[in-house]
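Taking it in order: structure first as structure tokens, then the write-up.
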Amino acid sequence: MSDLRTTQVNIASDVINFGIGQPGFDLLPARLMQRAAARRLDGVDTSFLNYGAEQGDGFFRQALARFLSDGYGEAVDADTLFITAGASNALDLTCTLFTQPDDVVFAAEPTYFLALRIFADHGLRVVPIPTDEQGMNIQALEEALRNERPALLYVIPTFQNPAGMTLPLERRRRLAELAAEHDFLIAADEVYHLLAYTAAPPAPMAHFADGGRVISIGSFSKILAPGLRLGWIQTTPALVRRFVTSGLVDSGGGLNPFTSALVRTALEESWQEEYLVDLRRTYAHRIDIMDAALQDELGDMIDYTRPDGGFFFWIALPPGTDSQRLLAAAEAYRVGFQPGTRFSSRGGLRDRLRLSFAFYDEGAIREGVARFARLLRAQDPG
Ligand SMILES: Cc1ncc(COP(=O)(O)O)c(C=O)c1O
């Protein structure tokens, strides 16, 4: 049978799947993009329909640098930016340019499960680094460095996927120092940095890029729309040169020049910033709803830290509960989630699961949590 799907999500309409870590269709900025396209597509300027500048459209990089300078609270130079087709593309290209098969990559345990898929595509060996409530545990990292020489360390410093934790500034600084001492690169996946709902997070890892070890990865997927397939790398001009001279952009030109031209307008007109302000308000509200529903329905059974940003609740289940088995049982309750094992490079974390509040409105969040509570209580022998 032919598959005429247009979107990655493919769930039955009566299922509430909190496993989906992407914005709901109701949030996507169709009108904003329509305005940006109308402004840019004047029928005269054809430049962005040709192969693009290898580093990315210069005007777009300038607008992005201004946007990031505001968002990060520190100056970002357009020369330190390389435009990508999203964070996944940035990570994949980083692996292509800076690793060989069988190299070691250090990754937090838990970590973003699809980064593990990219590392597998490159034949990399993942060594898990334990985390605590402040993210990657630096002492554990130092111990691991006694036994292994990583080519790359992958970290999600702010509002981590899946566990929501944020590395304090001191740990960020130490990470950059260790990278210099032990000669490895840091791929810092900072896609949630601008999705802070209470207080501003510590400076992004990009702040430490001058040392020549940090590749800071950002994306419009979480702040505008995933379908744009648009993101960026921020690093030193020397490392930018490595990306700019890659075979990929030598052949195909800079990535996504057409989309970049439209998003340039959204940045220059402050439409992106306005949209982001609304988005933060919406997500903060969804956190309130999900938190209250979880407390009401399951406060006595589960444990979690309320997120201050990003997309996720990371739930500790009652002892002995296996989230993989729970997922099999969840189908009958028409609810879904991501089981903890998916975020482990070692098949661990069975007693954890991840819920995302990004895809559903408040009514669906309440109903989904009620279903989830019925499911969990039905497993409880007590
Ligand atoms: C930590 C993290 N990195 C990268 C991505 C994918 O980003 P992009 O759409 O820019 O490829 C996601 C999306 O869920 C994510 O959570």
Side-chain angles (χ1 to χ4, degrees), residues 7-9 17-24 27-29 56 64 68 81-96 105-122 126 129 131 135-136 152-167 186-196 201 204-206 215-234 243 248 255-256 259-260 263 272 276 279 283 307 309-314 336-338 340 342-345 354-360:
T7 58
Q8 193 180 40
V9 286
N17 187 352
F18 293 129
I20 301 170
Q22 51 188 266
L27 300 180
L28 294 171
L64 177 58
L68 291 177
L81 298 175
F82 171 79
I83 302 310
T84 72
S88 309
N89 171 244
L91 193 58
D92 189 66
L93 191 53
T94 299
C95 292
T96 299
V105 54
F106 281 5
E109 174 88 351
T111 196
Y112 171 49
F113 62 110
L114 297 176
L116 296 174
R117 288 276 295 101
I118 293 173
F119 300 143
D121 283 352
H122 288 271
V126 176
I129 307 297
T131 53
M136 193 174 275
L152 200 65
L153 178 144
Y154 173 70
V155 64
I156 307 162
T158 308
F159 310 130
Q160 200 239 20
N161 181 357
M165 63 271 199
T166 293
L167 273 181
I186 297 172
D189 187 338
E190 318 222 57
V191 297
Y192 297 107
H193 190 95
L194 296 170
L195 284 180
M205 280 304 293
I215 294 168
S216 168
I217 295 170
S219 176
F220 285 93
S221 289
K222 311 296 169 185
I223 57 172
L224 198 56
L228 297 169
R229 306 314 304 139
L230 194 64
W232 66 91
I233 279 168
Q234 185 185 347
F243 288 100
L248 180 71
L255 298 162
N256 274 344
T259 315
S260 301
V263 176
Q272 162 72 87
L276 187 51
L279 200 60
Y283 286 146
F311 275 9
F312 310 111
F313 281 70
W314 181 236
F337 51 80
Q338 292 289 350
R342 296 205 71 180
F343 305 92
S344 170
S345 54
R354 191 195 76 178
L355 304 176
S356 174
F357 50 83
F359 195 70
Y360 290 103

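Indexing begins at 1, ligand by ligand and atom by atom, following the structure's order.
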* **Numbered atoms and elements of ligand 1 in range of Ser221, under 4.0 angstrom, heavy atoms** => 8 (P), 9 (O), 10 (O)
* Step by step, would you call Leu64 with Phe220 a side chain to side chain contact (heavy atoms under 4.5 Å, CB included)? -> CA-CA 11 Å; Leu64 177 58; Phe220 285 93; 3.8 Å; yes
* **Numbering as shown, the atoms of ligand 1 that approach Lys222 to under 4.0 Å (heavy-atom distance)** => 12 (C), 13 (C), 14 (O)
* **Enumerated ligand 1 atoms positioned under 4.0 Å from heavy atoms of Ser219** => 8 (P), 10 (O)
* Structure fact -> What one should report as the nearest heavy-atom pair of Tyr283 and Pro23 is OH-CB, 3.4 Å
* Asked: Any idea which of Phe113, Phe311, Phe159, Tyr192 brings a heavy atom closest to atom 16 (O) of ligand 1?
  -> Tyr192
* To do: Please tell me if the side chains of Ile20 and Tyr360 come closer than 4.5 Å, counting only heavy atoms from C-beta onward.
  => yes
* **side chain to side chain contact (heavy atoms under 4.5 Å, CB included) evaluation trace for His122 with Thr96** => CA-CA 7 Å; His122 288 271; Thr96 299; 3.2 Å; yes
* Result of checking Tyr112, Trp314, Phe337 against Phe343 for ring pair (Phe, Tyr, Trp, His ring centres under 6.0 Å) -> Trp314
* Structure fact -> atom 7 (O) of ligand 1: closest protein heavy atom, distance to 0.1 Å, is Ala87 CB, 3.6 Å
* Structure fact -> Near Ser88 (heavy-atom distance under 4.0 Å), the atoms of ligand 1 are 6 (C), 7 (O), 8 (P), 11 (O)
* Asked: Looking only at heavy atoms of Gln22, does any of them come nearer than 4.0 Å to an atom of ligand 1?
  -> no
* Structure fact -> Here the atoms of ligand 1 under 4.0 Å from any heavy atom belonging to Ile156 are 1 (C)
* Asked: Taking the non-hydrogen atoms of Arg229, is any one of them nearer than 4.0 angstrom to ligand 1?
  -> yes
* Asked: In terms of residue, atom name and distance, what is the protein heavy atom nearest to atom 1 (C) of ligand 1?
  -> Asp189 OD2, 3.3 Å
* Rounded to the nearest 0.5 Å, how far apart are CZ of Phe313 and OG of Ser356? -> 10.0 Å
* Structure fact -> All heavy atoms of Asn256 vs all of Leu230, minimum pair found to be CB-CD1, 3.9 Å
